[in-house]
Amino acid sequence: MTATPPPVAARNPADPSDVVAQVYPAGAFGAADAVERARAAQPGWLRGGAAARSAALAAIAAAVEGAADELAALAVREVGKPLTEARAEVARTAAIWRYYAQAPYEPVGAVHEAAAGAGLLLTRRRPHGVAGLITPWNFPFAIPSWKAAPALAAGNAVVLKPAPEATACALRLAEIVQQVLPERVFTVVPGGAAEGAAVASAADAVSFTGSTGAGQAVARAATARGIPAQAEMGGLNAAIVLPDADIARAATHLAAAIAGYAGQKCTATSRVIAVGGAAGPLREALAEALRSIPVGDPADPATVCGPLISERAREQVGDAWAGLSLLAGGTVPEGPGWYAAPTLAEKVPADHRLLREEVFGPVAALLTAADLADAVRITNSVPYGLVTSVHTADLDATLGALDELDTGMIRINAPSTGVDFHLPFGGTKDSSHGPREQGRAALEFYTSSRTYTLSPGKTM
């Protein structure tokens, strides 16, 4: 007799005694069954037409806006997202659904002349069928939405396997979406690795965001099956600060990108590269900016750096700074909750894990470079290539060097965090696998192109 697996429990990282959700996992067979049921529902969703799909996504956007306060409070409680950020994420979530509500009316192909004789050649994009989505906990509404909305707009059905830590957020989002869509067109399967693997093994296309190891496993499984896959994974993002930069402004941007949401973003800054004469002024300004970051209860609108997602996550952050020369932070505040102070280390050995691995916490290393070319070399020296921020007053002098950066996104005089959902998102090397997501790139990923040849039925 098979033992019943224990329930998935999501705890409030600011108060671990508070169990936000406790749900039994779907199991591998349950996840695979959800995909099959979604596959049966998908043709009806597609045949409903562009107007029905557009209206449904617009209604979801309105419902998210109507529940904004409730959703933000849930994100604060379940994943420890500071309230101001949680409100911004919910607003972004509504905007994502509204953006893709127009997509069903977009052209899905083109008409071409025949090379010779009568007839027409057509290209047309069609949905894959069932999109399997495997999502993390750090953006519990936005990431599932920026995957699900384009998939649904294109006529796919969706099966979402959220991170266990964000179970309540995923189920609440599903309630909103399912009130609008036909039955089984959008399904959530709670659970962990077994359920994620089952979704990836059964779906017709897979979109993943999470750790590098898990993402690479998903990509391998999808490749073996011959289905489309995209995997957004880790980041070890650098910020390059040139001597002519506004140091005070740069320090403010960097502190926010290092410590915002306790550094729990794949776009967070974890390496700061001061070029030439910028090193001295930046060293003091950034340390002071990090020391002034408000750390505490995520329900407080003033909080910038809330708790880490788990006790294990806090231990990993503490291990990362242990033994290093610290300019700020390096402490664990007392009291309930899994907090860590925003931390800046210097003189970090080249082989240290802080310069090779994504720590996923409010800690960064301060490095120096002789010139811009040296800074680019340091930036490119890691296995990841998601986003780089560059801070300078002379864009003309840096444009050529920026082309040498091996990262998918480059932000000038702005934090590494805060990318736009209507533009392609993704990186290079171990940061990303497969096509880009978000924007129009997502619509292309969730569809495949077909070529039709139309010849006259009879000769004249």
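Worth saying up front: this structure is predicted, and the values here are computed from it rather than measured. Below, all heavy atoms of this structure are taken into account, side chains as well, without hydrogens, waters or symmetry copies.
Between the side chain of D297 and the backbone N or O of A299 there is at least one donor-acceptor pair closer than 3.5 Å. A donor-acceptor pair is defined here as one N or O able to donate and one able to accept, closer than 3.5 Å; no such pair exists between the side chain of D204 and the backbone of I227. Within the 3.5 Å criterion, the main-chain N or O of G27 finds a donor-acceptor partner in the side chain of E195. A donor-acceptor pair under 3.5 Å is absent between the side-chain atoms of S432 and the main chain of T428, judged by distance alone. Judged by distance alone, with hydrogens and angles left aside, the side-chain atoms of N380 form a donor-acceptor pair with the main-chain N or O of E404 at under 3.5 Å. In this structure, S54 contributes its side chain and A51 its backbone to no donor-acceptor pair below 3.5 Å. Side-chain atoms of D246 come within 3.5 Å of backbone N or O of R249 as a donor-acceptor pair. Remark: the backbone N or O of L386 is not paired with any side-chain donor or acceptor of T407 at under 3.5 angstrom. Judged by distance alone, with hydrogens and angles left aside, the side-chain atoms of R125 form a donor-acceptor pair with the main-chain N or O of T447 at under 3.5 Å. No donor-acceptor distance shorter than 3.5 angstrom exists from the side chain of R39 to the backbone of G129, with no hydrogens or angles considered.
Side-chain contact check for S416 and T269: at least one donor-acceptor pair (N or O, by modelled atom type) lies under 3.5 Å. With 3.5 Å as the limit, one finds a donor-acceptor pair spanning the side chains of K147 and T209. Side-chain contact of W338 with S310: a donor-acceptor pair under 3.5 Å is absent, judged by distance alone.
Salt-bridge annotation for E358 and K265: absent, with no side-chain N of the basic residue lying under 4.0 Å from a carboxylate O of the acidic one. Taking the charged nitrogens against the carboxylate oxygens, K81 and E89 do have a contact shorter than 4.0 Å, which makes a salt bridge. Between E106 and R440 there is a salt bridge, since a side-chain N of the basic residue sits under 4.0 Å from a carboxylate O of the acidic one.
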Distance-only check: which donor-acceptor pairs under 3.5 Å involve side-chain atoms of residues 55-80, not counting sequence neighbours?
| unit_1 | atom_1 | unit_2 | atom_2 | d |
| --- | --- | --- | --- | --- |
| E65 | OE1 | R98 | NH2 | 3.2 |
| E65 | OE2 | R98 | NH1 | 3.0 |
| E70 | OE1 | R172 | NH2 | 3.2 |
| E70 | OE2 | R172 | NE | 2.5 |
| R77 | NE | D18 | OD2 | 2.8 |
| R77 | NH2 | D18 | OD1 | 2.7 |
| E78 | OE1 | A168 | N | 3.3 |
| E78 | OE1 | C169 | N | 2.8 |
| E78 | OE2 | T167 | N | 3.1 |
| E78 | OE2 | A168 | N | 2.7 |

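Taking the ring-ring contact (aromatic ring centres under 6.0 Å, His included) definition, one finds that W137 meets it with F360, sequence neighbours left out. Residues satisfying the side-chain contact (heavy atoms from CB on, under 4.5 Å) criterion with A110, sequence neighbours excluded, are H112, T123. In this structure A14 satisfies the side-chain contact (heavy atoms from CB on, under 4.5 Å) test together with N12, P298, P307, Y339, sequence neighbours excluded. Applying the side-chain contact (heavy atoms from CB on, under 4.5 Å) criterion to L46, with sequence neighbours excluded, gives Q42, R53, R126, P127. Under the side-chain contact (heavy atoms from CB on, under 4.5 Å) criterion, A95 pairs with F421, not counting sequence neighbours.
Closest non-hydrogen pair, H433 versus A219, comes out as CD2-CB, 3.5 Å.
In this structure, H128 and F445 have perpendicular ring planes: the angle between them is above 60°, well past the 30° mark. In this pair, Y261 and F139 present their aromatic rings perpendicular. The plane angle is above 60°, beyond the 30 to 60° band.
Note that CG of L152 is 6.0 Å distant from CG of L181, once rounded to the nearest 0.5 Å. Of the inter-residue distances, the one linking I247 atom CD1 with L254 atom CG reads 9.0 Å to the nearest 0.5 angstrom.
The number of heavy-atom neighbours closer than 6.0 Å to CZ of R450, taken from other residues, nucleotides and ligands shown, is 12 or below.
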